[in-house]
Amino acid sequence: MCKKVPLRGALIVLEGCDRSGKTTQCKNLVKALEANGRPAKYINFPDRTTECGGLINSFLTNKKDFNDETIHLLFTLNRWEAKNAMEILLRDGVTLIVDRYSYSGVAFSAAKGLDLEWCKAPEAGLLKPDLVLLLTMTASAISKRGGFGDERYEVPEFQQRVMKMYDQLKDDSYWTEIDADKSFGALHDELLTHCNHAIDNIVNEKMDKLW
Ligand code: FDM
Ligand code: MG
């Protein structure tokens, strides 16, 4: 039996607080999809390899200071500069597994006190994901994992505020919340099922836009 070729790749975003295992899960999802003959690529934001990403890295590692608005806009710019390349890959049938996206941008900045709508505005027009997988963990599960680094924002109390902001952003029409407090393998299997479902259910060749 011949397998139906999807119209395009799926744009799948993983969101959640630090220490939820997002990055390793994203990379393993790409491996699993590719092993099943589904082209996939790992993308992460911030992308620290660009000039703009270098400024963001200096900020996160406390080597440079920017006010809240400026760093917010740098994170956004870092997504705009990736947009065309992402669109080309999706059109070529490559599924993108994205480690953080505009939702991190808005949730982290709003958790610092910036107005939520102000934070959302410059993200408008970026590619809208087909699926957002939000990894959730309770405060006690987070503290059990420990191992926060010394970058800015890697503080349990702040991460809790960020999780509350995700609640204001989530949209049940394309978000799925997943409890990340389980074994790596069990979480991987659950995430992979959702990714395969999203790829199988692409109906529009054209991408939608945020918001
Ligand atoms: N972060 C990430 C933001 O504040 N805004 C954004 O737009 C993005 C993409 O940067 F604390 C924060 C989230 C995190 C930090 O991210 C670095 P990684 O995933 O730990 O590299
Ligand atoms: Mg981090």
Side-chain angles (χ1 to χ4, degrees), residues 11-30 41-83 85-86 96-129 132-137 139 142-143 145-170 175 180 187 191 210-211:
L11 179 57
I12 300 173
V13 170
L14 267 76
E15 287 282 0
C17 63
D18 281 310
R19 310 303 305 152
S20 59
K22 259 188 328 309
T23 302
T24 324
Q25 288 290 351
C26 284
K27 291 183 175 167
N28 275 269
L29 285 170
V30 169
K41 190 175 189 296
Y42 170 81
I43 290 188
N44 69 311
F45 292 108
D47 172 3
R48 304 187 195 212
T49 65
T50 68
E51 277 175 66
C52 168
L55 292 174
I56 295 170
N57 184 55
S58 304
F59 171 82
L60 289 170
T61 53
N62 294 300
K63 290 186 191 83
K64 241 185 180 37
D65 239 335
F66 295 112
N67 66 25
D68 293 346
E69 289 83 356
T70 304
I71 189 63
H72 179 76
L73 294 170
L74 283 174
F75 274 113
T76 305
L77 178 61
N78 192 231
R79 280 181 281 281
W80 276 106
E81 63 182 352
K83 181 186 174 242
M86 288 170 69
L96 302 181
I97 302 293
V98 186
D99 187 354
R100 296 190 187 282
Y101 196 54
S102 302
Y103 315 99
S104 279
V106 176
F108 278 77
S109 292
K112 288 194 285 186
L114 291 184
D115 177 71
L116 191 86
E117 293 307 320
W118 186 91
C119 293
K120 284 172 78 173
E123 307 283 334
L126 285 170
L127 301 174
K128 181 182 173 188
V132 177
L133 295 165
L134 176 65
L135 303 191
T136 64
M137 282 207 299
I142 294 173
S143 66
R145 292 207 179 182
F148 277 99
D150 45 19
E151 285 202 345
R152 265 185 231 247
Y153 307 146
E154 294 191 330
V155 182
E157 300 74 43
F158 184 70
Q159 299 280 329
Q160 286 305 302
R161 287 224 294 283
V162 171
M163 289 310 290
K164 289 213 184 80
M165 288 300 165
Y166 281 125
D167 275 341
Q168 295 192 43
L169 292 172
K170 71 183 174 210
W175 285 53
L187 183 56
L191 295 170
L210 286 179
W211 293 93

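Worth knowing before you read on, the calculation uses all heavy atoms, side chains too, and leaves out hydrogens, waters and symmetry mates. Since this is a predicted model, take the numbers as computed values, not measurements. Order of listing sets the numbers, starting from 1, for every ligand and every atom in it.
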Practice task
Kindly indicate whether a cation-pi arrangement holds for Lys64 with Phe59, taking the cut-offs as under 6.0 Å to the six-membered ring centre and within 45° of the axis.
Solution key: no

Practice task
Using heavy-atom distances, let me know which of Arg152, Glu15, Lys22, Arg100 sits nearest atom 16 (O) of ligand 1.
Solution key: Arg100

Problem - Heavy-atom donor-acceptor pair, Asn78 side chain to Leu74 backbone, under 3.5 Å - result: no

Practice task
Please could you name the atoms of ligand 1 that Gly105 approaches to less than 4.0 Å, counting only its heavy atoms?
Solution key: 5 (N), 6 (C), 7 (O)

Exercise for the section: Pull out every atom of ligand 1 sitting under 4.0 Å from any heavy atom of Leu60, numbered as shown with elements. Expected result: 10 (O), 15 (C), 17 (C)

Practice task
Just jot down the side-chain hydrogen bond (donor to acceptor under 3.5 Å, both in side chains) partners of Gln25, sequence neighbours excluded, or say none.
Solution key: none

Completion exercise
Counting from 1 in the order shown, the ligand 1 atoms closer than 4.0 Å to a non-hydrogen atom of Asp18 are 11 (F), 20 (O)

Problem - Of the listed options Arg48, Arg19, Lys112, Arg79, closest to atom 17 (C) of ligand 1 (non-hydrogen atoms) - result: Arg48

Problem - Side-chain ion pair, Asp115 and Lys120, N-O less than 4.0 Å - result: no

Practice task
Could you list which atoms of ligand 1 come closer than 4.0 Å to a heavy atom of Phe45?
Solution key: 9 (C)

Handout entry: ligand 1-proximal atoms of Phe108, by part, heavy-atom distance under 4.0 Å
Key = side chain

Problem - Side-chain donor-acceptor contact under 3.5 Å, Tyr153 with Asp18 - result: no

Practice task
Determine whether the side chains of Tyr166 and Glu15 contain a donor N or O and an acceptor N or O closer than 3.5 Å.
Solution key: yes

